[in-house]
Amino acid sequence: MASLPPILLSFSILICISFLSSFASAELHVREFVIEARPVKRLCRTHQTITVNGQFPGPTLEVRNGDSLAITVVNKARYNISIHWHGIRQLRNPWADGPEFITQCPIRPGQSYTYRFTIEGQEGTLWWHAHSRWLRATVYGALIIYPRLGSPYPFPMPKRDIPILLGEWWDRNPMDVLRQAQFTGAAPNVSDAYTINGQPGDLYRCSRRGTLRFPVFPGETVQLRLINAAMNQELFFAVANHRLTVVEVDSAYTKPFTTNVVMIAPGQTTNVLLTANQRPGRYYIAARAYNSANAPFDNTTTTAILEYVNAPRRTAHVFPRLPGFNDTATVTAFTNRLRSVRREGLPLEIDENLFFTVGLGLINCSNPNSPRCQGPNGTRFAASMNNVSFVLPSRNSLMQAYYQGKRGVFTTDFPPVPPVKFDYTGNVSRGLWQPSRGTKVYKLKYKAKVQIVLQDTSIVTAENHPMHLHGYQFYVVGSGFGNFDPKRDPAKFNLVDPPERNTIGTPPGGWVAMRFIADNPGIWFMHCHIDSHLGWGLAMALLVENGKGELQTVQPPPLDLPRC
Ligand code: C2O
């Protein structure tokens, strides 16, 4: 060693350092998200679309478990905005969660706010989106969390990763679509197209040239990271002639299983492995609606192309077989196959046994002929949980009011069970169709073991409602059709390997049961991820109290938190 020439010595030190730094702890990702209107042309027409950094969809964030992010959102658009990091737990840090008027006031035009947060014990596919009225129609992107360096996937490493963001496009300003619906009280117009990474694909007018092609090498296995960023629609997804192996949902690994079709609801993510083991050719990747409601929907189909690099020049494109739009049986079979690989933090006993109805409603008008009452039979659409139609505060956020001890912004009397018992999925009497309005939260003790059964109602229509809980991952321990039976159904719960998620759909005219430990203090929004339903009030919030000491207490808010 003593005889090593200096140049070689310094070289070996350099190697040592770079070797060590590859194991060094987490990275800090500093980024700027400029919110601005940019011309985007789709379906033959150009719109001034709200984008991030001029990109639609927005930039993909690629980080590792343990990393920190500091993302400065600069609002150069004409709308108030906030950004939500969907699925990130934000432990003790609700200030970075993002839903406007829940954990922060919106970032006004000309202002900025830096979201600072750390990924703690999460890996997989998540995403980010605007959480301010209908801006998420175009303001969204992928958030990919790789495992820590040197920590492998629980399945053979795929050759490549392909993020697939499913979206919904209106041939109008989405904010105008919302404004019109808010005025008339009717359902908002359905979209004009679905998109894959922002592109509608071959089946729409003026879209062929933009159709995305994903090249694959014969024999290789790629990972598709599916994200349903659509505003209002659950989607079926398939790739012609290729089977898909599901390995992860909502940033939680699953026991792998193989399927021809995936159902993915707004807010959810699903990772699938695909092996290019078919005849070299071109295969359509396609998505279209799963519509469980008795309501109009966009019944178009978005496509992209899986293209073998050695595909002969002239081969016909093969189209996948997709289930019928109302094929609930296929959806149930698919969701029932999901199993998690771990059950850390699954409560076997429960302290809080909650039962929430979720569903639509109608508000009666004193003048049913009014232009403001264009819903069914001269009403306005509404939605509720336990008959409370959630009203967003307008002058403060729940979290800021709570932290500063300001009264009058919300109340803590959200009912743990429906105020009136009825046959939820039967023929509900019209007297029960009109919800009350309120800004109510439900209080939970720190570390409470919680069970929530979400019961869909048949008011207006039974429907699959993809319910999302901020700040948590929960276990889906059971589900079924009809009314939940508290005597018989719990006996059938899966407490062995229930899937872990952040968004779960109620079966249409059915119920779903979730469990989690309330170990993240703060105020956390829980809502239907169908934005039209959210706007009608299908939401509530959980207020999780602090525990003891700093590590169980909400952090102080950052200094640049937008003013209310
Ligand atoms: Cu992805 Cu409150 O939403």
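Both ligands and their constituent atoms are indexed starting at 1 by order of listing.
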Problem - Under the side chain to side chain donor-acceptor pair (under 3.5 Å) test, residues paired with Gln199 that sit two or more places apart - result: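 Not a single residue meets the side chain to side chain donor-acceptor pair (under 3.5 Å) criterion with Gln199.
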Exercise for the section: Could you pull out the atom name of the N/O/S atom in His527 that is nearest atom 2 (Cu) of ligand 1? Expected result: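 So the atom name we want here is NE2.
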Handout entry: Environment of atom 1 (Cu) of ligand 1 in terms of protein N/O/S atoms, cut-off under 2.8 Å
Key =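 Listed by chain and number, the atoms are His86 ND1, His129 NE2, His529 NE2.
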Practice task
Give a yes or no on whether the backbone of Ala96 and the side-chain of Gln90 come within a donor-acceptor separation of less than 3.5 Å.
Solution key: yes
Could [X] and [Y] be called an ion pair, given the rule that one side-chain N must be under 4.0 Å from one carboxylate O?
| X | Y | answer |
| --- | --- | --- |
| Asp171 | Arg42 | no |
| Lys440 | Asp413 | yes |
| Arg342 | Glu500 | yes |
| Arg89 | Asp97 | no |

